[in-house]
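This report refers to the structure that appears directly beneath it.
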Amino acid sequence: HMTMHTHTAAPQSRWGFFANLKIKTKILLGFAAVLAILAIVGGSGLWSALSVSGRFGEYHRLVGVGNAVEAVNTDFQRLRRRVLVYTTSGKEADYKAAEELAKEVKGKVDAAVKLVVAPERAPLMRGIADTYAAFSKQFDEAAELTRDIAKLRHETLDVLGPKMASELQGIATQAAAAGNSNAAVH
């Protein structure tokens, strides 16, 4: 009795070499493929994290710039009010308060000029620094004038006012002593 054995040859495809490998080799190749995929995914994740970190650093710097510029704006407005208070009152304590705030604002302006590096914004910040310098010079001039007014008031008006009141009182007293009641009242 004759048995026929037919051998069918494994199809020779591009993956045919894989079919002829031992199980151990197939498992190692599969493990290597998983490791390669993990390395690619991990590398992509690391690159993304570093990229986000860099962008977050830039965001942090921009927030710092915004805060510095806002601090200059707020403190400059406070300084303007302090200078107005001083030039109105003429009190040395108000001058000292304005002078201290002026030093603080100057420091913040200088810091903001260093922080603003964008080519379209840096000239604007330097312009603000120039405006502050002009304001500071005008504050010094206003302080000098305020002191001159206070000196004039003290040396002239404060001296002449009481002297004049005393002279008028003397005239009224003489008039009353002379019996001129109309001159004494007016």
Side-chain angles (χ1 to χ4, degrees), residues 37-173 183 185-186:
I37 291 170
L38 283 175
I40 291 169
V41 169
S44 173
L46 179 63
W47 180 79
S48 294
L50 292 174
S51 174
V52 166
S53 175
R55 283 183 270 155
F56 184 74
E58 177 63 10
Y59 171 76
H60 186 266
R61 189 189 72 74
L62 289 174
V63 167
V65 167
N67 288 342
V69 170
E70 183 60 31
V72 166
N73 181 41
T74 300
D75 287 351
F76 188 67
Q77 295 304 320
R78 285 180 43 223
L79 177 60
R80 290 181 63 214
R81 284 190 298 274
R82 283 272 183 202
V83 168
L84 178 62
V85 166
Y86 166 65
T87 55
T88 303
S89 75
K91 295 179 183 174
E92 201 59 28
D94 291 333
Y95 172 77
K96 288 188 186 311
E99 186 178 44
E100 284 301 313
L101 186 55
K103 289 176 187 173
E104 191 178 318
V105 172
K106 171 79 167 106
K108 288 182 179 183
V109 167
D110 291 344
V113 166
K114 290 177 186 172
L115 282 176
V116 177
V117 294
E120 67 278 2
R121 291 185 196 100
L124 297 172
M125 195 61 225
R126 284 192 299 274
I128 290 171
D130 293 343
T131 300
Y132 173 78
F135 179 84
S136 182
K137 182 180 177 195
Q138 290 171 351
F139 171 52
D140 292 341
E141 292 171 4
E144 186 177 326
L145 289 172
T146 300
R147 286 187 185 106
D148 289 346
I149 290 170
K151 181 180 176 187
L152 179 64
R153 184 181 306 127
H154 176 70
E155 292 177 356
T156 305
L157 298 178
D158 287 351
V159 171
L160 293 179
K163 180 180 176 191
M164 187 170 165
S166 173
E167 289 174 357
L168 289 173
Q169 184 61 40
I171 292 171
T173 303
V185 173
H186 296 287

Is it true that Asp75 and Arg78 have a side-chain N and a carboxylate O under 4.0 angstrom from each other? yes
Pairing residues for Tyr132 by the ring pair (Phe, Tyr, Trp, His ring centres under 6.0 Å) criterion, not counting sequence neighbours: none
How far does CZ of Phe76 sit from CD1 of Ile128, to the nearest 0.5 angstrom? 9.5 Å
If the threshold is 4.0 Å, N to carboxylate O, is there a salt bridge linking Arg55 and Glu58? no
Working to the nearest 0.5 Å, report the span between CZ of Arg81 and CG of Leu101. 9.5 Å
Tell me if a side-chain donor or acceptor on Ser44 pairs with a main-chain N or O of Ile40 at a distance below 3.5 Å. no
Sub-4.5 Å side-chain heavy-atom contact between Glu99 and Tyr95: yes
Nearest heavy atoms of Ala129 and Val113, plus distance in Å: CB-CG2, 3.9 Å
Could you check whether any side-chain N or O of Thr87 sits under 3.5 Å from a backbone N or O of Leu84, counting only pairs where one atom can act as donor and the other as acceptor? yes
As an exercise, state the distance from CG of Asn73 to CD of Gln77, rounded to the nearest 0.5 Å. 5.5 Å
Once rounded to the nearest 0.5 Å, what's the spacing between atom CZ of Arg80 and atom CZ of Phe139? 13.5 Å
Which heavy atom of Val72 sits nearest to which heavy atom of Ala112, and what is that distance? CG2-CB, 4.1 Å
Atom pair CG/CG of Leu145 and Leu152 - distance to nearest 0.5 Å: 12.0 Å
Output yes when a side-chain donor or acceptor of Thr173 lies under 3.5 Å from a complementary backbone atom of Gln169, and no otherwise. yes
Using the salt bridge (charged side-chain N to carboxylate O under 4.0 Å, His left out) criterion, which residues pair with Arg126? Sequence neighbours excluded. none
Rounded at 0.5 Å granularity, tell me how far CD in Glu92 sits from OG1 in Thr146. 10.0 Å
Solution key, residues 114-122 side-chain donor-acceptor pairs under 3.5 Å, sequence neighbours excluded:
none

Any Val83 side-chain heavy atom under 4.5 Å of Phe135 side chain: yes
Correct closest heavy-atom pair for Tyr86 and Arg147 would be OH-CG, 3.7 Å
Is Lys96 paired with Glu100 through a side-chain N to carboxylate O contact shorter than 4.0 Å? no
